[in-house]
Amino acid sequence: MARKLESHSLGLPVFHSALKALQYPAFATRRVGAGAADSNQRAAARCRRGKEAMSEQSVTAQSEDFSRWYNEIVYRADLAAPSPVRGCVIIKPYGYEIWEGIKAGLDRRFKATGHQNAYFPLFIPESYIRREAQHVEGFSPELAVVTHAGGKELEEPLVVRPTSETVIGEAFSDWIQSYRDLPLLINQWANVVRWELRTRPFLRTAEFLWQEGHTAHATHDEAERETLQMLDIYADFAVNDAAIPVIKGEKSKMERFAGALRTYTIEAMMRDRRALQSGTSHNLGQNFAKAFDIRYLAESNNQEYCWTTSWGLSTRMVGAVVMTHGDDKGLRLPPKLAPYQVVIVPIFKDDTQRGAVMDAVERLRGQLDDAGVRVHIDNRDGQSPGFKFNDWEMRGVPLRMEIGPRDVEKNNAVLARRDIPGRKGKQFVSQDGIVAVTRSLLADIQCSLLEDARAFRDAHIADAASYDELRMVIAEGDWARVFWDGDDEDELAVKDETGATIRCFPFDQPGEPGQCVFSGRNTERVALFAKAY
RNA sequence: CGGGGCGUGGCGCAGCCCGGUAGCGCGCACGGUUUGGGUCCGUGAGGCCCCCGGUUCAAAUCCGGGCGCCCCGACCA
């Protein structure tokens, strides 16, 4: 386990301090009309028709049908399996290991900023949920409720948690007496249930795994700092570990968490250019403190309500990794999250060769293993090397190592990078110093995935100066950045007409005033509109 | 909840119109052959044809009823 954690860093840029501002520039945009959408994608779509009946070994092209591509890849790469229950999935070991990587990366950051893990019950008395008015309203349509247990009807139905603000709020009100008990910084890793209508593996399932942090503070400002700090941690994780460039921002009133003062988000652009909210952080103000009587005795000897926050990131992140980096051949996993960073495919004809090849393979494996690289030997008997190459490419392994008789003879190995297709991604290297080469290639792949994703995203965000332009940009499938000073109805109108919603008001603002594309009012704020998952 | 579609070996499907032996591809098992980009051949295992009822000598197929699932329109990490 120690090794596993450690190998997540690989000598790559590691997480430094959650409080430190992130290094990457927020994001770039293009002008409307300039260099429109990917002509590549369309050409590919045209090309592909007619080859319909390609063998079952190949995956539907992204350009042809993105969601079909997604579903196929999720199942074929062995991330998940269908479940007997409605909107649920079985997360298979390969998918779960990605989640474990996500957990490890986040948990480390949470601990580094003083949070502790705890666990609260799955069942929540129905009356708790009702205590915070907006909260009930927000969640009641999607609650699963247990009415019977132990063979009889329960006196009070139990809600299967959709999130835990209420139980935790109740607990906090007991735990917190004095300002000396603050801040209280708690996180829990748990499953939650939301009875969603339309579900997709990882992106939206009836049950999902996540982490929910809950904190209580003495002042509004402190709570606000915590809320923003955790958003920074999410962004830092997304960028540096998952290689997903994200845009930090604030949610509009409509998209705000039920019961929150303010909701912040990191938004990522998937390969089909739809937005995916990949993590959120809420300043809950005193709403829950008042509903659950979370009070502390201040130094002044006065009873004060606490200021609370909550923040969560879920298995949806696995879907984000798939949809951000994946290509027509399948997954492309960032080395820091890849269950296997290197897969070794041994090649031999007969038993003599086998012996020599396997000796070399085992030796190299040992070296990589000792260096903390997650390495796997594919010694399946029935499959040809070619089959294995394709198989591991589909499963997104960053680096493939081929060792055959010729390599053994020359003390070589072949390394093939997943992020560079075909011959160009292949190189012969000496077996001596394999650790250093592997490490540097993995670091390189980690960066190149991030850069790819960033370039793609920036090419598909456009500044729109009018509502017409906004409509155009959205119709193209891109994201539109616009000056916005509309109200809820305006936002709804845009959604009805274009299908796009405000993903966020980015923290990165132009700093100069402009005219709201909808109301015409002057405003300082720009919003990002996009179609979202 | 409104509109469209589908339930047949593990997965993807054909068969249904015109009732009569349940079939194909993939996968799986075994043997051989191959192995540096998805080898090939042979043998084999595996199916209350969603459920209940009806028609008939005979139902996967026709009729009636149920159930389940998927896709498209209102919510969400």
Side-chain angles (χ1 to χ4, degrees), chain A residues 53-60 65 67-68 71-72 75-76 81-87 137-143 162-163 190-200 202-212 234 251 254-258 263-268 275-282 310-320 329-330 345-350 353-354 357 378-394 400-409 412-414 416 421-423 425-426 428 492 495-496 499 501 532-533:
Chain A
M54 280 179 74
S55 75
E56 300 190 10
Q57 318 175 23
S58 78
V59 182
T60 301
D65 185 339
S67 47
R68 203 168 140 197
N71 282 323
E72 284 179 14
Y75 293 123
R76 304 229 350 231
S83 100
V85 183
R86 243 209 33 145
E137 207 185 313
F139 281 106
S140 51
E142 53 195 49
L143 296 180
T163 179
N191 59 336
V192 288
V193 168
R194 298 181 185 177
W195 219 248
E196 301 287 354
L197 299 178
R198 304 183 39 62
T199 60
R200 309 190 58 192
F202 296 113
L203 300 178
R204 182 177 298 108
T205 46
E207 178 190 10
F208 57 92
L209 305 181
W210 75 347
Q211 121 323 278
E212 47 177 323
Y234 288 154
K251 281 294 187 189
M254 284 195 65
E255 303 270 331
R256 197 178 289 158
F257 178 75
T263 287
Y264 300 107
T265 176
I266 50 172
E267 296 286 327
L276 186 75
Q277 175 174 67
S278 309
T280 50
S281 184
H282 317 290
S310 69
W311 24 277
L313 185 149
S314 72
T315 37
R316 172 178 263 195
M317 193 53 134
V318 177
K329 288 181 150 184
V345 178
I347 298 159
F348 47 77
K349 284 194 179 29
D350 50 46
Q353 290 186 346
R354 179 197 200 109
V357 166
D378 186 350
N379 53 14
R380 282 178 290 179
D381 254 354
Q383 257 70 41
S384 67
F387 177 91
K388 292 175 180 177
F389 297 170
N390 287 288
D391 195 39
W392 291 113
E393 272 166 12
M394 187 184 62
R400 178 182 72 239
M401 186 182 298
E402 307 166 18
I403 308 261
R406 297 208 292 270
D407 304 303
V408 171
E409 213 173 291
N412 273 349
V414 177
R423 251 206 160 79
K426 269 197 185 191
F428 292 85
L492 260 178
K495 184 180 181 183
D496 285 346
T501 49
Y533 275 99

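Bear in mind that the values here come from a model prediction, so they are computed numbers and not experimental data. Both backbone and side-chain heavy atoms feed into the values below; hydrogens, waters and symmetry mates do not.
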Could you tell me the separation between the [atom1] atom of [X] and the [atom2] atom of [N], rounded to a whole number of Å?
X         : N      : atom1 : atom2 : answer
Lys495(A) : A74(B) : NZ    : P     : 7 Å
Trp195(A) : A77(B) : CH2   : P     : 18 Å
Tyr75(A)  : G12(B) : OH    : P     : 10 Å
Lys388(A) : G36(B) : NZ    : C1'   : 13 Å
Gln277(A) : A77(B) : CD    : C1'   : 6 Å
Asp391(A) : G27(B) : CG    : P     : 12 Å
Gln383(A) : U34(B) : CD    : C1'   : 13 Å
Tyr533(A) : C75(B) : OH    : P     : 19 Å

Query raised in the report: Taking the side chain from Asn390(A) and the backbone from Phe387(A), do they hold a donor-acceptor pair closer than 3.5 Å?
Result: no
Report task. Using modelled atom types only, decide if a donor and an acceptor are shared between the side chain of Thr315(A) and the backbone of Phe208(A) within a distance under 3.5 Å. Result -> no
Requested in this report: Starting from the 5' end of RNA chain B, give me the residue, Val408(A) or Thr199(A), whose nearest nucleotide shows up first.
Outcome: Val408(A)
Requested in this report: Please tell me which of Gly87(A) and Arg423(A) maps to the more 5' nucleotide of RNA chain B, matching each residue to the nucleotide holding its nearest heavy atom.
Outcome: Arg423(A)
Query raised in the report: Does Phe389(A) have Arg400(A) sitting over its ring (NZ/CZ under 6.0 Å from centre, angle to axis within 45°)?
Result: yes
Counting only side-chain heavy atoms from C-beta out, which of [options] sits nearest to [X]?
X         : options                : answer
Ile347(A) : A77(B), U35(B), G37(B) : U35(B)
Glu402(A) : G36(B), U39(B), U35(B) : G36(B)
Arg400(A) : G38(B), A77(B), G37(B) : G37(B)
Glu393(A) : G37(B), G38(B), G36(B) : G37(B)

**Report entry** Donor-acceptor pair present, Arg194(A) side chain and C76(B) base, under 3.5 Å
**Finding:** no
Query - Side chain Lys426(A) and base G37(B) donor-acceptor under 3.5 Å - result: yes
Query raised in the report: If you look at every strand shown and take non-hydrogen atoms under 4.0 Å, does Phe348(A) touch a base, only sugar-phosphate, or nothing?
Result: base
Query raised in the report: Does Phe208(A) stack onto the base of A77(B), taking stacking as ring centres under 5.5 Å apart and planes under 30° apart?
Result: yes
